[in-house]
Amino acid sequence: MKKILSVLLLLVLIASLPACSRSGPAEETLPATEAETLPETIPETEAPSGIRRGTVSGKTYVSDYAGLTFAAPKTWTFSDEDELEALSGVRPGQLTDAKLKKLKTESFFDMKATEKKTGNNVNVTYENLVIAGVDSLSDSALAEWMRNALHDMYDQMNCNYLHMYAPAKVTLGSETYTRVAAEVQRESQTMVQGSYFRRIDDYLVIITITTFDLTPLPEYESLFS
């Protein structure tokens, strides 16, 4: 379970943060979790009814499925379909019920917006909870897992400094998300990243906000409606 869901988190980190130098231990230690073994094959599952991709028009991303609208600042650009496919191997055009029934990929990108000058970015991704084997977890258990999995991903990047914040409830648009935030430092560069998630059917909607210029996360949270 943990290794499967870590795939998406690692993709987001690779897309957001340059490789870090070797460093000392993280500031905050989380409890270790028991190692788990992946099955030899991932069972094919039915896509939940109604899942569909979001759309980008000008500087605005809209997802009717997730109930999200993101108004990107004028200096930001959205990744095109080729760039999104390169991130997770799933083309946004495949985000339909019929096509997802044939896919075994457990996680994929629907949107990525980036400010080139700073590297600040916002992603919207989906995780198939059935394929990942975590569909039976309670919301509180899922939040704890996400926090531990994120900690492991940051720690593996050997950064100079890592601080994880306690999960918090945040409203984006009209929906409530659980936010797991972290401050990560490599050499003289500091990254603040917030991961926001909520369930829809058999999927976990994950919004990731990454800032390299220490813009407070609420400033970008306010861009969602």
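Numbers here are sequence positions counted from 1.
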For this session: Report yes or no: does Glu83 contribute a side-chain atom to a donor-acceptor pair with the main-chain N or O of Asp80 at less than 3.5 Å?
Result: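 Indeed, once roles are kept as given, a pair shorter than 3.5 Å links the two residues.
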
Exercise. Between Asp201 (side chain) and Tyr203 (backbone), is there a donor-acceptor pair under 3.5 Å?
Worked result: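 The answer is no, because no donor-acceptor pair under 3.5 Å joins these two groups.
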
Looking at side-chain heavy atoms only, is the closest gap between [X] and [Y] below 4.5 Å?
X      : Y      : answer
Val122 : Met111 : yes
Val170 : Phe224 : no
Val124 : Ser63  : no
Tyr220 : Thr210 : no
Met146 : Ile206 : yes
Val184 : Gln193 : no
Leu142 : Leu204 : yes

Identify the heavy atoms of [X] and [Y] that sit nearest to each other, and give their distance.
X      : Y      : result
Leu84  : Ser79  : CD2-CB, 4.0 Å
Arg147 : Tyr165 : NE-O, 3.3 Å
Phe197 : Ala143 : CZ-CA, 3.5 Å
Gly54  : Asp110 : N-OD2, 2.9 Å

Problem set entry | For Thr171, side chain to side chain donor-acceptor pair (under 3.5 Å) partners two or more places apart |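 Partners of Thr171 under the side chain to side chain donor-acceptor pair (under 3.5 Å) test: none.
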
For this session: Anything under 30° is parallel, anything over 60° is perpendicular, the rest tilted; go ahead and classify Tyr161 against His163.
Result: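 Parallel: the ring planes of Tyr161 and His163 meet at under 30°.
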
For this session: Measure the acute angle between the ring planes of Tyr126 and Phe108, then classify it against the limits of 30° and 60° as parallel, tilted or perpendicular.
Result: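 Aromatic pair Tyr126/Phe108 classed tilted.
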
For this session: Return the set of residues passing salt bridge (Lys or Arg N to Asp or Glu O under 4.0 Å) with Glu115 (not counting sequence neighbours), or none when no residue passes.
Result: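 If we apply the salt bridge (Lys or Arg N to Asp or Glu O under 4.0 Å) test to Glu115, skipping adjacent residues, there are no hits.
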
Exercise. Does the side chain of Asn120 come under 3.5 Å of the side chain of Thr118 through a donor N or O and an acceptor N or O?
Worked result: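 Thr118 and Asn120 do have a side-chain donor-acceptor pair below 3.5 Å.
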
For this session: Apply ring-ring contact (aromatic ring centres under 6.0 Å, His included) to Trp76 and Tyr61, showing your working.
Result: CA-CA 12 Å; Trp76 289 43; Tyr61 162 82; over 10 Å; no

Measuring from atom [atom1] of [X] to atom [atom2] of [Y], what distance do you get when rounded to the nearest 0.5 angstrom?
X      : Y      : atom1 : atom2 : value
Asp139 : Lys169 : CG    : NZ    : 6.0 Å
Leu162 : His151 : CG    : NE2   : 5.0 Å
Leu150 : Trp145 : CG    : CH2   : 7.5 Å
Tyr65  : Arg53  : OH    : CZ    : 15.5 Å
Asp135 : Leu129 : CG    : CG    : 6.5 Å
Thr75  : Lys117 : OG1   : NZ    : 8.5 Å

Problem set entry | Those residues that, when tested against Val192, pass side-chain contact (heavy atoms from CB on, under 4.5 Å) (two or more places apart) |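 Once residues adjacent in sequence are excluded, the partners of Val192 under the side-chain contact (heavy atoms from CB on, under 4.5 Å) criterion are Glu183, Thr211, Leu214, Leu217.
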
Exercise. In terms of hydrophobic clustering (I, L, V, M, F, W, Y; side-chain heavy atoms under 4.5 Å; direct or indirect links), are Leu68 and Val62 co-clustered?
Worked result: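 No, separate clusters.
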
Exercise. Is it true that Glu175 and Arg198 make a salt bridge, defined as a side-chain N closer than 4.0 Å to a carboxylate O?
Worked result: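 Salt bridge present between Glu175 and Arg198.
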
